[in-house]
Every structure is written in C-alpha cells, then in structure tokens.
2 protein chains.
Amino acid sequence: MANRQLNPNSESTDNYLKAILALGGPEESRVTSNALARHLDVAPASITNMLQKLAAASTPLVEYERHHGVQLSPSGKKRALEVVRHHRLIETFLYEVLDYPIEEVHEEAERLEHFISERFEQRIAAKLGYPKIDPHGHCIPAMSGRMPKQSSMLLTEAALKTNVLVESVSDRDAGTLKLLKASGIGPGVQIRLQERTPASRCTVVVGRSSKMLELPENIAHSIRVRPLDK
Amino acid sequence: MANRQLNPNSESTDNYLKAILALGGPEESRVTSNALARHLDVAPASITNMLQKLAAASTPLVEYERHHGVQLSPSGKKRALEVVRHHRLIETFLYEVLDYPIEEVHEEAERLEHFISERFEQRIAAKLGYPKIDPHGHCIPAMSGRMPKQSSMLLTEAALKTNVLVESVSDRDAGTLKLLKASGIGPGVQIRLQERTPASRCTVVVGRSSKMLELPENIAHSIRVRPLDK
DNA sequence: CACGACGTTTAGGCATACCTAAATATTAGG
DNA sequence: CCTAATATTTAGGTATGCCTAAACGTCGTG
C-alpha cells in the first residue's frame with residue numbers, strides 16, 4: 001500500500017495546486033494525471049498518489065475521480081491563487097525594489113512564494129502600491145478575488161501587418177527573457193508581425209525606433225499580445 | 001540500523017549548524033547532544049543520528065566524537081555564519097524597509113533565512129548600506145569574516161548603580177520584545193541597575209526621562225549591556 | 001465491437017528526518 | 001572506586017514524497 005498522509009503546507013502541495021490551476025485554464029476544466037506529470041516533471045504514479053492524498057485531506061484541496069483527472073476544490077483554489085499572488089508580488093518586488101534583472105526574478109520567487117507570511121505579502125504589496133500586474137505582464141490575483149480572464153493571444157497567432165501591444169511574456173526561461181530584454185520587447189511595447197515564415201520565424205517591428213527582428217518560434221511563442229485599438 | 005544520507009541543503013541541516021554555533025559560543029567549544037536536544041526541541045537520539053550524518057557527509061560539516069559532542073568543521077562554520085548573516089540581514093530589512101514591528105521580525109527571518117539566494121542577500125545588504133548590527137543589536141557576520149567577539153554582559157550581571165548601554169536584546173520571544181519596546185528599552189538606550197532583588201527583579205533607569213521600572217528576571221536576562229565609559 | 005496503444009493506478013521500495021524504548025557510556029557522590 | 005544518576009547511543013519504527021515495474025482502464029480505429 002502507498003502513503004496516507006498529506007502535509008497541506010508543503011512546497012509540494014503548493015506546486016500541485018499551482019499546476020492544476022495553470023493547466024485547468026480560466027475555465028478550470030479537469031486536469032489529467034499525465035498533464036500534471038509532464039508539467040511537474042514527476043512520475044505519473046507519484047501524481048496519482050499525491051492527488052489521492054490531496055482529495056482525502058481533512059479539508060480536501062481537489063476533487064478527484066479515478067481515471068478522470070482533478071479539479072481544484074474551493075480551498076485548493078484559494079491556496080493556489082494565494083501562491084500565485086505571492087509569486088507575482090515577489091517578482092514585482094525583486095524587480096522594482098531590489099533591482100533584479102528581469103530574467104532572474106522568477107527563480108527566486110519560485111522558492112520564496114511558499115514561505116512568506118501574510119504580513120510579508122501585505123507589506124510588499126503596500127510598498128509597491130498594490131500593483132495589478134507583475135514585470136512580465138501577468139496579472140496579480142487580488143486577495144479576495146479571482147483571476148481576471150486573459151483577452152490576449154500568442155504573437156504567433158496575431159494578424160499579419162497589424163500593430164499589437166505586448167501584454168505579457170513567459171517567465172519560464174531566463175534565456176528567453178534575456179533575449180527579449182536585449183531586443184527591447186516587454187509588456188506595453190508595440191510590435192507588428194510582418195510575416196509568418198515557414199521556418200517558424202516571425203519578423204517584427206519594435207516601438208518607435210521600428211527595428212526589424214527575427215524571432216525563432218519558441219521565442220515568439222513566449223509573447224502574448226492584444227489588439228492596439230481599444 | 002538508522003538512516004544514512006544527509007541533505008546538506010535542508011532547513012534541518014541549517015538549524016543544526018546554527019545551534020552548534022550558538023551553543024559553542026565564541027570559543028567554539030564542543031557542544032553536547034543534550035544541549036542540542038534542548039535547544040532544538042528534538043529527541044536526543046535524533047540528535048545523535050543527525051550528528052553522525054553531518055560528520056559523515058562528503059564534505060563533513062561537523063567534527064564529531066562519540067560521547068564527546070561536536071564542533072563545526074570549517075565548511076560547517078561557513079554555512080552557519082551564512083545562515084546567521086541571512087537571518088540578521090532579513091530582520092534588518094523587515095524592520096527598516098518593510099516597517100515590521102520589532103517583535104515580529106524574528107519569526108519571518110527564521111523561515112526565510114534558509115531560502116534566499118546569494119543575490120538576494122547582496123541586494124538587501126546594499127539597500128541597507130551594509131549594516132553591521134541588526135535591530136536587536138546583534139552583529140551581522142561579514143561575508144568573508146567571522147563573528148566579532150561580544151564584550152558585553154547580561155544586565156543581571158552588571159554592576160549596581162552604574163550607567164550602562166544596552167547592546168542587544170534577545171530576539172527569541174516576541175512577548176518579551178513587545179514589553180521591552182513598551183518600556184523604551186532597546187539597543188543604544190542607557191540604563192542603570194538599581195538593585196538586584198532576591199525575588200529576581202531588577203530596577204532600572206531608562207534614558208533621559210529616567211523612568212523607574214521593575215523587570216522580571218527572565219526579561220532582565222534577555223538584555224545584554226556594556227559599560228558606558230569608552 | 002474487439003483490440004491495441006496509451007493513460008492511469010496499484011504495489012512495492014527508497015530517502016530524509018523525525019520518534020520511542022532499551023542498551024550502554026560517562027560522571028558525580030559517598 | 002563503585003554505584004547511582006544522567007547523558008548518549010543503538011535499534012527499530014513513522015511520516016512525507018519521491019521512484020519503477022506491472023496491472024488495469026479507456027478509447028479510437030478497423
């Protein structure tokens with residue numbers, strides 16, 4: 001037989017909840033064991049084990065059905081949003097107050113998000129003027145609130161020869177962020193997709209200086225944009 | 001047979017090293033299992049087990065001899081000082097930058113000290129102007145340095161009717177710190193021990209307003225002072 | 001609608017760090 | 001200097017979270 005008890009305050013629990021939130025998307029659809037295994041880089045069997053514990057906890061953190069994936073319970077969603085809020089506030093704090101280079105905030109936040117107190121969260125939020133987005137352009141979920149819906153699309157899906165605003169960039173890869181910084185691409189910057197080349201490249205125009213750049217697909221794929229108009 | 005392998009980066013390892021540093025004192029004398037068990041609130045058998053692992057690690061963190069206690073190895077001391085530096089820098093940061101009440105900095109620092117990066121340490125040190133003491137009056141060990149020796153004594157050991165300066169206060173109990181704050185006692189404040197009553201009380205004079213206070217022994221015992229003269 | 005590919009779960013194990021109970025070593029008092 | 005009290009260690013066990021291998025379910029396709 002496997003293991004019985006969950007530590008509901010562990011880093012591990014936090015990471016499972018975050019992953020279920022992220023993979024479930026705004027519709028909060030059910031998430032499969034397989035998807036979690038890939039996302040968390042953990043063996044599928046370990047996922048099952050952990051999901052069973054998350055579901056069997058005294059205050060269940062997920063709703064789980066054999067062979068049919070999981071969803072966050074209300075408690076689970078609350079904690080997941082709290083951890084995401086911590087992550088993004090910490091990123092903002094590192095960037096704004098401690099002058100971290102943008103590509104290094106994620107790793108530090110990923111560790112610290114599990115360990116800061118309510119008070120710490122409150123104090124950095126106050127210090128930063130209760131920001132609504134982090135340095136990558138991701139929204140910071142409100143204390144008592146929910147995730148606002150994304151109305152954005154991937155740069156690779158944008159209409160050709162149309163100006164768009166960069167809404168956010170993925171924080172997952174430091175190298176990508178460094179490259180984007182060097183290219184002058186970040187949230188709020190205006191860009192235009194010139195062509196969608198078959199060799200998976202995009203050509204774009206940046207800001208007023210209107211540089212031409214070639215972005216490999218994986219880079220272009222880490223940029224979310226929204227129409228300029230409204 | 002017991003356990004074999006140490007996780008040299010665990011919170012637990014950090015706490016053992018800190019405890020050995022603290023209990024060994026400036027002379028770095030050997031520390032007994034019993035003292036560690038009391039200090040860490042862990043069963044003596046668990047101490048032995050952990051000490052054996054700390055000593056048997058690929059880079060040993062302690063020098064251990066059966067029935068004769070432990071001492072930090074050079075690597076162990078380096079890490080212990082690093083953790084103490086983290087702790088005290090974080091306390092200073094929480095107090096100076098995030099406006100924490102003094103009695104709440106310890107608990108937060110105690111958690112975060114294990115998880116911050118070198119960069120985080122550097123950045124908050126820079127932000128604070130490379131402070132040498134924390135808000136409780138404890139010295140912050142230098143990056144490449146050692147603990148400066150304390151030339152102070154406990155208030156309960158001070159000469160009677162002689163002005164002394166408060167050097168530091170213990171950070172271990174939030175209640176004590178709150179009481180001291182309310183009494184106006186903190187690092188740099190001038191006080192004088194009026195009498196050493198048998199019922200374990202001390203009467204003191206605080207600063208220019210020269211209030212008379214009665215301090216229970218446990219409170220007086222949490223204050224370190226040094227002569228005013230030099 | 002049966003079968004095979006793939007996803008998921010069960011079973012059994014390992015590692016870290018804790019525990020208690022029992023055995024053994026050290027030390028202090030007479 | 002021997003014994004009793006105390007400190008320490010050994011032995012064996014628990015809890016959490018990970019692993020692999022093998023069994024089992026689900027579902028698309030022929």
Side-chain angles (χ1 to χ4, degrees), chain A residues 1-20 23-24 29-71 76 79 111 114-115, chain B residues 1-20 23-24 29-71 76 79 111 114-115:
Chain A
M1 188 42 88
N3 308 312
R4 324 227 126 273
Q5 287 247 112
L6 173 74
N7 174 354
N9 300 315
S10 72
E11 220 176 318
S12 195
T13 296
D14 282 354
N15 288 333
Y16 274 81
L17 298 177
K18 264 207 312 181
I20 296 166
L23 294 174
S29 43
R30 299 192 82 87
V31 176
T32 65
S33 295
N34 211 3
L36 283 168
R38 261 181 285 109
H39 191 86
L40 294 172
D41 193 24
V42 151
S46 306
I47 299 287
T48 297
N49 193 318
M50 189 64 168
L51 294 184
Q52 289 171 343
K53 291 196 289 187
L54 288 167
S58 59
T59 50
L61 295 166
V62 301
E63 278 146 33
Y64 168 70
E65 206 182 337
R66 268 172 98 249
H67 289 287
H68 295 283
V70 278
Q71 258 181 313
R79 176 59 184 167
R111 250 178 302 113
H114 311 290
F115 305 111
Chain B
M1 190 41 88
N3 307 312
R4 327 225 125 275
Q5 287 247 111
L6 174 74
N7 173 354
N9 300 316
S10 70
E11 220 176 316
S12 195
T13 297
D14 282 354
N15 287 334
Y16 273 81
L17 298 177
K18 262 206 315 180
I20 296 165
L23 295 174
S29 43
R30 299 190 84 86
V31 175
T32 66
S33 294
N34 210 1
L36 283 169
R38 261 182 286 111
H39 190 85
L40 294 173
D41 193 23
V42 152
S46 306
I47 299 288
T48 299
N49 193 321
M50 189 65 168
L51 293 184
Q52 287 170 345
K53 291 196 291 188
L54 288 166
S58 60
T59 50
L61 296 166
V62 301
E63 280 147 32
Y64 168 70
E65 205 182 337
R66 268 173 97 251
H67 288 287
H68 295 283
V70 278
Q71 259 180 314
R79 177 59 186 166
R111 250 179 302 115
H114 311 289
F115 306 111

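Below, chain A is the first sequence line, B the second, and so on; all start at residue 1.
- Straight-line distance from the CG atom of B:Asn9 to the C1' atom of C:dA17: 15 Å, rounded to whole Å.
- For the pair A:Glu65 CD and D:dT26 C1', the interatomic distance rounds to 13 Å; values are reported in whole Å.
- In this structure, of D:dT9, C:dC19, C:dA17, it is C:dA17 that holds the atom nearest to the side chain of B:Met50.
- Heavy-atom minimum distance, B:Glu65 versus B:Arg30: N-NH2, 3.6 Å.
- When heavy atoms are screened at a 4.0 angstrom cut-off, A:Ser33 is found touching the sugar-phosphate backbone but no base atom.
- Note: NE2 (A:His68) to C1' (D:dC27) measures 11 Å, nearest angstrom.
- A distance of 9.0 Å separates CD1 of B:Ile47 from CG of B:Asn34, quoted to the nearest 0.5 Å.
- What separates CG of A:Leu40 from P of D:dC19 is a distance of 10 Å, to the nearest Å.
- Residue A:Lys53 has a polar side-chain atom (N or O) positioned under 4.0 Å from OP1 or OP2 of D:dG17.
- In this structure, A:Asn49 places its CG atom 10 Å from C1' of C:dT10, rounding to the nearest Å.
- Within the 4.0 Å cut-off from OP1 or OP2 of D:dT9, at least one side-chain nitrogen or oxygen of B:Tyr64 is found.
- The shortest heavy-atom contact between A:Val42 and A:Ser46 is CG1-CB, 3.4 Å.
- If you check every strand for non-hydrogen atoms under 4.0 Å, B:Ile47 touches nothing.
- Minimum heavy-atom separation, A:Ser12 to A:Met50: OG-CE, 3.8 Å.
- Between C:dG7 and A:Thr32, no contact under 4.0 Å exists linking OP1 or OP2 to a side-chain N or O.
- In this structure, A:Tyr16 reaches the D:dC18 phosphate: one of its side-chain N or O atoms is under 4.0 Å from OP1 or OP2.
- Nucleotide D:dC18 holds its P atom 14 Å from the CG atom of B:Asn7, rounded to whole Å.
- For A:Ser12, a side-chain nitrogen or oxygen approaches OP1 or OP2 of D:dC18 to under 4.0 Å.
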Can you check nucleotides 21-24 of chain C for protein contacts, nitrogen or oxygen pairs under 3.5 Å, and list what you find?
none

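- Contact annotation: B:Gln5 side-chain N/O to C:dA15 OP1/OP2 distance is not under 4.0 Å.
- Atom-to-atom, CG of A:Asp41 to P of D:dT20 comes out at 11 Å; the value is rounded to the nearest Å.
- A:Leu54 places none of its side-chain heavy atoms less than 4.5 Å from the side chain of A:Val70.
- You'll find that the side chain of A:Asn34 is closest to C:dG7, out of C:dG7, C:dA17, C:dT10.
- Closest approach of A:Thr13 and A:Pro8 over heavy atoms only: CG2-O, 3.6 Å.
- We find that CG of B:Leu51 is positioned 14 Å from C1' of D:dT10, with the value rounded to whole Å.
- Base engagement by B:Ser46 is indicated by at least one non-hydrogen atom pair under 4.0 Å involving a base atom.
- Rounded to the nearest 0.5 angstrom, A:Leu17 CG and A:Arg79 CZ are separated by 8.0 Å.
- In terms of position on DNA chain D, the residue among A:Pro44 and A:Ser10 whose nearest nucleotide sits closer to the 5' end is A:Ser10.
- Checking each of B:Leu40, B:Leu61, B:Leu36 against B:Ile20 for a side chain to side chain contact (heavy atoms under 4.5 Å, CB included) leaves exactly one that passes, namely B:Leu36.
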